[in-house]
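Following: one structure in structure tokens, then a few remarks.
Everything quoted here is computed from the prediction, not taken from an experiment. Numbers restart at 1 for each chain; the letters A, B, ... are given by sequence-line order, proteins then strands.
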Protein chains: 2
Amino acid sequence: MTKIKPCVETTAIAHKALIAREARRVTSYDVALVAGVSQSAVSRCFQQGASVSEATLARVMKAAALLDYIPNAAARSLITRRSNIVAVLIASQANLHYPELLGELSQQIGARGKRVLLFTLPRETDVDRVLSEVWQYQVDGVIAAARLTADHIAEFERRQMPLVLFNRTVRERAVNTVTCDHREAGRMLVSRLAAAGHRRFGIIAGIEDSTVANERRRGACERLAELGLPPPVVVPGQSDYPSGAAGLRALISAMGAVPDAIICGSDVMAIGCLDCARHELGIDVPRQLSVAGFDAVEPSNWLSYNLTTLRQPMPKMAMAAAELLCAVIDRSDNAAATPDRRVFSAQFIEGATARLEPVFSAVAASSAGLSAPVAIM
Amino acid sequence: MTKIKPCVETTAIAHKALIAREARRVTSYDVALVAGVSQSAVSRCFQQGASVSEATLARVMKAAALLDYIPNAAARSLITRRSNIVAVLIASQANLHYPELLGELSQQIGARGKRVLLFTLPRETDVDRVLSEVWQYQVDGVIAAARLTADHIAEFERRQMPLVLFNRTVRERAVNTVTCDHREAGRMLVSRLAAAGHRRFGIIAGIEDSTVANERRRGACERLAELGLPPPVVVPGQSDYPSGAAGLRALISAMGAVPDAIICGSDVMAIGCLDCARHELGIDVPRQLSVAGFDAVEPSNWLSYNLTTLRQPMPKMAMAAAELLCAVIDRSDNAAATPDRRVFSAQFIEGATARLEPVFSAVAASSAGLSAPVAIM
DNA sequence: TTGTAGGCGTTATCAC
DNA sequence: GTGATAACGCCTACAA
């Protein structure tokens with residue numbers, strides 16, 4: 001009488017029915033049972049560079065496939081202390097203005113074997129409430145495109161939570177940041193406009209608590225002063241389309257005339273300003289008035305606008321943020337290294353809404369086109 | 001001699017130093033030790049509706065605060081089988097076209113105590129690779145704004161994973177879906193244009209594998225046939241700006257003349273078509289040609305365009321998706337109920353790029369303005 | 001290479 | 001109301 005050894009398929013089907021009856025999940029024990037090995041052998045089969053024999057691996061993988069087994073990330077993270085989840089904090093405002101940002105971040109983080117857990121902030125003041133949620137989820141690190149205070153940063157340090165700020169800075173603390181040099185962008189824009197003969201400048205500012213818009217304005221004002229030009233008239237804006245038109249009217253009324261050039265804190269405002277000037281006030285842009293924006297959003301490139309603007313190299317910045325964060329996570333066992341700051345340059349897009357002198361000097365050309373990362377200590 | 005009972009603060013500080021020395025995380029045991037209660041008592045303090053005395057709660061919470069204790073969601077999910085994480089699968093294309101979608105979804109899901117784990121698909125064909133990742137993370141459910149096959153759906157059922165399709169459908173299987181009635185939208189658009197006397201129609205189609213664009217085209221063609229009008233000339237497009245211009249030229253060449261009306265599969269193409277007509281071909285829109293799009297993206301509302309289009313009620317649809325998914329999750333212990341399909345109507349935006357007859361009939365007005373959910377069994 | 005045993009941090013089930 | 005004890009599903013020495 002021969003002893004019949006049941007084949008893996010048969011055992012798997014029977015065992016799977018059992019699991020279904022008990023309403024449990026499929027675990028590595030189940031796979032081990034079906035494959036006829038120990039649970040730890042199964043565990044090793046799902047890890048990189050563990051020592052398993054060819055034969056065992058094959059048996060285990062077959063059993064796993066038959067049972068629809070997938071390792072449980074929650075259980076794994078409990079012991080490895082790695083969830084492979086990265087939190088992205090993003091103010092809804094930024095979300096809408098930079099639709100590419102989230103997509104690029106997700107791709108780049110995904111390419112590094114992690115996933116993005118999304119935390120959107122309806123208002124930038126909701127940070128506290130959201131952060132306490134972040135801690136629960138045991139994320140490996142955080143990319144924050146939102147306004148954090150020095151106290152928040154301190155809590156990240158206390159909890160040893162890797163952090164990268166995106167387009168934000170905190171003066172009081174040393175933090176990893178990825179930014180575009182918005183101040184330099186503001187300076188560059190003024191330089192080009194001034195070189196073409198513009199003298200009376202108006203500025204439509206962005207949302208008040210936005211570091212980005214503030215830096216742009218600061219750079220522009222600074223450069224105007226250096227060039228000995230009169231200070232610009234600044235009117236407030238909300239970074240949206242209606243603010244462009246409202247800002248234009250406000251500037252004309254404050255200055256008693258149409259300015260030579262208007263610098264808008266964002267492309268959407270610039271487009272609002274442009275539409276108002278052309279369609280409502282009958283102002284000839286760029287002959288009577290130059291208009292410029294920031295960000296090079298998709299519509300700025302459309303035929304109806306062809307806006308003079310400055311582009312942030314978003315894909316590169318997203319890649320830098322993912323890279324930086326993952327580097328910090330990987331070495332987070334060791335002592336914390338000194339924070340890294342990666343600064344990118346904006347790229348000047350000439351467009352056709354501003355009168356500009358052609359650029360020949362090597363310095364201006366390179367500073368306008370440069371977008372490689374520059375480390376500033 | 002009096003026995004000195006050390007106060008909570010002192011114990012906490014000492015114990016915290018110990019934890020730091022051992023490089024461990026703070027656990028509920030640590031809190032229990034400092035608070036002088038059992039670990040289970042601590043656990044109960046962090047649950048809804050568990051029975052704990054006022055005094056214990058206070059002591060525990062104080063100790064927790066001193067130790068910076070936060071419950072570990074990974075450990076919790078291991079036993080509760082709830083991760084409070086929802087996966088959102090989104091094709092990058094859709095991401096860029098509907099920036100509001102992700103923000104709305106995140107808000108709505110957040111309001112229900114869960115968070116969004118983001119899975120972006122560079123190509124719609126990457127679904128398989130991404131799904132196997134989804135299973136690992138033990139998410140509570142999935143909202144998919146990407147193309148799934150019947151086989152994929154089957155795997156969701158096999159794994160008993162709650163699923164809601166967003167703006168997608170799968171003919172072969174019964175699935176929970178939240179959609180906009182794009183076919184009806186296409187019909188509505190043709191009805192209005194035909195009523196204003198347009199007869200020779202051109203269509204610039206969207207990306208070939210997009211259900212949405214196909215449904216829109218189908219509805220338009222269907223309605224044209226019903227009205228006894230000649231079938232439209234259809235040219236392909238990629239749903240982007242350049243496709244609008246290319247499509248316009250292709251239509252003119254195919255028809256041997258400028259058509260009466262062009263229906264574009266998306267607003268961005270409509271805008272590309274419009275810019276080309278006006279700025280490059282000198283065609284008077286809407287006098288010589290009517291142009292219409294779909295989606296009511298932000299720029300469609302700008303002065304330069306004021307596009308005739310149809311809006312999807314995104315916020316309502318996102319809310320419906322979150323609501324539906326969470327309902328399925330909450331009752332997922334019981335037997336699976338019959339799938340739910342929530343269909344919304346697009347809202348007609350008259351704009352100024354198409355010649356239209358004013359609408360007086362109550363039927364037309366209500367069908368054009370309706371955006372409340374309609375359950376279809 | 002393989003199996004045994006202990007632990008990761010929580011919730012659930014019971015007695016008390 | 002409170003505290004012991006057993007899961008949850010996996011990884012990781014360590015011994016074989």
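- No donor-acceptor pair under 3.5 Å is formed between the side chain of A:R342 and the backbone N or O of A:V178.
- Counting only distance, with no hydrogens or angles, the side chain of B:R147 and the backbone of B:A91 share no donor-acceptor pair below 3.5 Å.
- Axis angle between the ends of the helix from C:dT1-D:dA16 to C:dC16-D:dG1, five pairs each and rounded to 10 degrees, works out to 30°.
- Residue-level contact check: A:S77 touches neither bases nor backbone, having no heavy atom under 4.0 Å from any strand.
- Scanning residues 30-38 of chain A for heavy-atom distances under 4.0 Å to DNA chain C yields A:V37, A:S38.
- Within a 6.0 Å radius of CD in A:E54, other residues, nucleotides and ligands contribute 12 heavy atoms or fewer.
- For A:A321 against A:L105, the heavy-atom pair with the smallest separation is CB-CD2, 4.2 Å.
- Atom CD of A:Q136 is separated from atom C1' of C:dG9 by 13 Å (rounded to the nearest Å).
- By the 6.0 Å contact criterion, CZ on A:R129 is open, its count of non-hydrogen atoms from other residues, nucleotides or ligands being 12 or less.
- For the side chain to side chain donor-acceptor pair (under 3.5 Å) criterion with B:D30, the lone passing option out of B:K16, B:R25, B:H15 is B:H15.
- For the pair A:R82 and A:I329, the minimum side-chain heavy-atom distance is below 4.5 Å.
- B:R76 has its side chain out of reach of B:S83: every pair of non-hydrogen atoms, C-beta onward, lies at least 4.5 Å apart.
- A side-chain contact (heavy atoms from CB on, under 4.5 Å) with A:V116 is found for exactly one of A:I109, A:I143, A:V139, A:I90, namely A:I109.
- Residue contacts shown for A:S53 are limited to sugar-phosphate atoms, with no base heavy atom under 4.0 Å away.
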Q. Tell me, for nucleotides 8-16 of chain D in 5' to 3' order, what letter each nucleotide earns: B for a base near a protein heavy atom under 4.0 Å, S for only sugar-phosphate near one, - for neither?
A. BBBBB----
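- Counting to the nearest Å, the P atom of C:dG9 and the CZ atom of A:R82 are 14 Å from each other.
- In this structure, the ring of A:Y69 has its center no less than 6.0 angstrom from the ring center of B:W135.
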